[in-house]
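Scroll down for the structure; my scribbles are underneath it.
Below, read A as the first sequence line, B as the second, and so on, with proteins coming before strands; counting in each chain starts at 1. We use all heavy atoms of the structure for the numbers below, so side chains are in, but hydrogens, waters and symmetry mates are not. Since this is a predicted model, take the numbers as computed values, not measurements.
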Amino acid sequence: AQKVTQAQTEISVVEKEDVTLDCVYETRDTTYYLFWYKQPPSGELVFLIRRNSFDEQNEISGRYSWNFQKSTSSFNFTITASQVVDSAVYFCALGLYNQGGKLIFGQGTELSVKP
Amino acid sequence: ETGVTQSPTHLIKTRGQQVTLRCSSQSGHNTVSWYQQALGQGPQFIFQYYREEENGRGNFPPRFSGLQFPNYSSELNVNALELDDSALYLCASSLAGTSPNQETQYFGPGTRLLVL
């Protein structure tokens with residue numbers, strides 16, 4: 001079975017704190033794709049990053065960084081020096097090669113950054 | 001913004017009615033996917049259209065149907081609405097090369113449907 005688990009339902013931090021959002025996935029496929037999306041209150045899902053299963057290189061983009069570890073089936077997301085504008089619901093998603101375009105989403109983590 | 005547009009933004013229907021939601025894909029994108037997101041949940045895949053045909057389908061009953069037009073825009077139709085159909089309906093577009101199954105999906109703002 002394929003599944004994405006985001007164990008943290010809600011996280012609250014104070015501005016400038018670092019915060020890590022956890023994502024654990026399950027699949028027996030060897031080719032798969034992992035994504036992070038941000039959903040602000042307006043509702044639109046904003047694409048943040050994509051990682052292919054054969055590329056375990058970690059990535060940094062400004063204050064955002066991602067740690068992909070196949071050995072633990074995890075794809076964690078860290079925001080450094082958080083800002084109020086980072087407040088949103090963050091979703092991790094799994095895409096499989098032969099699933100007709102289906103993305104499997106986790107339940108989401110609601111991040112609240114307080115000034 | 002992704003360039004994916006959806007209409008209407010909000011809709012109120014009563015149980016048993018039918019509804020049509022519309023999506024225009026980002027310029028140059030040829031694949032459209034639809035998702036249902038209930039309050040407090042992650043989006044659930046309904047189906048994907050590629051080259052005007054259904055490429056994949058999630059665990060939704062046949063009363064959920066769709067179309068893709070030659071300009072790559074798409075419609076989601078839901079018949080015999082039920083109270084549990086109340087949700088945010090998200091459309092996503094992507095550019096498929098050799099396969100539509102592995103491309104990054106870019107989402108629109110969604111349509112909020114309330115069924116009374």
Under 3.5 Å, is there a donor-acceptor pair between the B:Ser73 and B:Asn71 side chains?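 A pair is found: one side chain offers a donor N or O, the other an acceptor, under 3.5 Å apart.
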Rounded to the nearest 0.5 Å, what's the gap from CH2 on A:Trp36 to OH on A:Tyr64? Could you check?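 Spacing of CH2 (A:Trp36) from OH (A:Tyr64) equals 11.5 Å.
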How are the rings of A:Phe68 and A:Tyr25 set to each other: parallel, tilted or perpendicular (split at 30° and 60°)?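 Tilted.
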Taking side chain as everything from C-beta outward and backbone as N, CA, C, O, which of these in A:Glu110 sits under 4.5 Å from a heavy atom of chain B? Side chain, backbone, both or neither.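 For A:Glu110, neither part sits under 4.5 Å from chain B.
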Is A:Tyr37 in contact with chain B via its backbone, its side chain, both, or neither, using a 4.5 Å heavy-atom distance?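 Contact with chain B involves the side chain of A:Tyr37 alone.
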Between [X] and chain A, with a heavy-atom cut-off of 4.5 Å, which part of the residue counts as in contact: side chain, backbone, both or neither?
X: B:Arg57; answer: neither
X: B:Tyr35; answer: side chain
X: B:Gln37; answer: side chain

Counting only heavy atoms not in A:Arg63, do more than 12 sit closer than 6.0 Å to its CZ atom?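 More than 12 heavy atoms, drawn from other residues, nucleotides or ligands, come within 6.0 Å of this atom.
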What's the verdict on side-chain contact (heavy atoms from CB on, under 4.5 Å) for B:Ser74 and B:Phe69, showing C-alpha distance, side-chain angles and the deciding distance? CA-CA 6 Å; B:Ser74 176; B:Phe69 300 99; 5.8 Å; no
